[in-house]
Undergrad: 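Got a structure for you, questions after.
Note that these values count all heavy atoms, side chains included, but never hydrogens, waters or copies made by symmetry.
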Amino acid sequence: MAQITMKHLRYFDALSRHRHFGRAAEASSISQPALSLQIKELEELLGAALVERGARQISLTGLGEEFALRARDVLRAVDELGALARASAGPLSGRLRLGVIPTVAPYLLPRLMRAVSDRYPELDLRPREAVTPKLMRDLAEGRLDLALVALPISEPSLIEHVLFDEEFLLVRNALDAHLPIPPVTELPAMPLLLLEEGHCFRDQAIAVCKLPPSPMGEAMEGSSLATLVQMVGAGIGVTLIPEMAAEVEGRSAPVALHRLPDPSPRRTLGLVWRRSDPLSDRYSELAAGLNEGLAAK
């Protein structure tokens, strides 16, 4: 007699997240007809519909929504059993899924991957870039093992390990390089460029500059630090970037970078992981090793 398999659960989990057969099939590395067949087979095994199929997108039935939550719990538990087995087999090895925020990934990830590879040659690091809210969801739901984010997250179910602090730098058009460096208190009066909503660095910049949470459309926005710096180079305004981005972005446009007067704004970066993860002690060792590896520039 046919039974529900882990394959069924993983494919249905992908469909429940993407709400689209084509995107779910792509994420699962199978063809769309094959995914559709697996979902149909799962529904036949259950004797009930999980999916309402529309012309362009799908929705889940009431049973489908509940089944998706239960399937996700099962998949997370199975992944943690695998982690438990790895924990008893010596140094960290195998796949490690690491989430990284966009204001860190382009600048720190290559050095971080080298530091991890040097210490754990058997570890297969799989980085994934996304904004903090998505990383936290993926971490909580077991799709990530670790996340490199701005701290604090202040979530009781997560462990936080500080890696380092870094300053924010002011970016102005190169023609303004000779002008006095303004204090942070004067930045709200300037045409300040911010990252679009969803980026934690945007929230940090708003807090530093004491802007309203939603600056009423007055602040201009960009999708990345690179975009903001190019806009500054074009004479549109000023912006803030983290110090780690200075070397790359400072030479990409005609801009001048300045340290702000004390007390200079800064952020704290670190790793977070689930407190319940069987590899939690190993992640603590990994994080401590990264403290040393990243400090040795």
Undergrad: Side chain to side chain contact (heavy atoms under 4.5 Å, CB included) with T103: which of L195, V149, T132?
TA: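 Looking at L195, V149, T132, the match for T103 under the side chain to side chain contact (heavy atoms under 4.5 Å, CB included) is L195.
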Undergrad: Under the side-chain hydrogen bond (donor to acceptor under 3.5 Å, both in side chains) definition, can you give me all pairs with a residue in residues 117-127, not counting sequence neighbours?
TA: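 Every side-chain hydrogen bond (donor to acceptor under 3.5 Å, both in side chains) pair that includes a residue of residues 117-127, provided the two are not neighbours, is R119-E292, D124-R126.
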Undergrad: Is there a path of hydrophobic side-chain contacts, each under 4.5 Å between heavy atoms of I, L, V, M, F, W or Y residues, that connects L179 with V238?
TA: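 The answer is no; the residues belong to distinct hydrophobic clusters.
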Undergrad: So, E65 and R19, do they make that salt bridge, N to O below 4.0 Å?
TA: yes
Undergrad: Please check: side-chain N/O of N291 versus main-chain N/O of L163, any donor-acceptor pairing under 3.5 Å?
TA: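 Such a contact is found between N291 side chain and L163 backbone.
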Undergrad: Side chain to side chain contact (heavy atoms under 4.5 Å, CB included) with A68: which residues, sequence neighbours excluded?
TA: F12, S16, L60, R72
Undergrad: Taking only residues at least two apart or on different chains, which pairs with a member in residues 166-196 satisfy ring-ring contact (aromatic ring centres under 6.0 Å, His included)?
TA: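 Qualifying pairs, neighbours excluded: F168-F201.
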Undergrad: Salt bridge between R259 and E167, side-chain N to carboxylate O under 4.0 Å?
TA: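 Looking at R259 and E167, the cut-off is met.
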Undergrad: Count I, L, V, M, F, W, Y as connected when their side-chain heavy atoms are under 4.5 Å apart, and connections chain through other members. Are L286 and V100 then in the same cluster?
TA: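 In one cluster: yes.
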Undergrad: Using a strict threshold of under 4.0 Å (side-chain N to carboxylate O), is an ion pair present between E243 and R266?
TA: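 Result for this pair is no, no salt bridge flagged.
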Undergrad: Output yes when D73 and R70 qualify as a salt bridge under the 4.0 Å nitrogen-oxygen rule, no when they do not.
TA: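 No salt bridge links D73 with R70.
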Undergrad: Is it true that R128 and D138 have a side-chain N and a carboxylate O under 4.0 angstrom from each other?
TA: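 So R128 pairs with D138 through a salt bridge.
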Undergrad: Checking Y107 against E247: is there a side-chain donor and acceptor pair closer than 3.5 Å?
TA: no
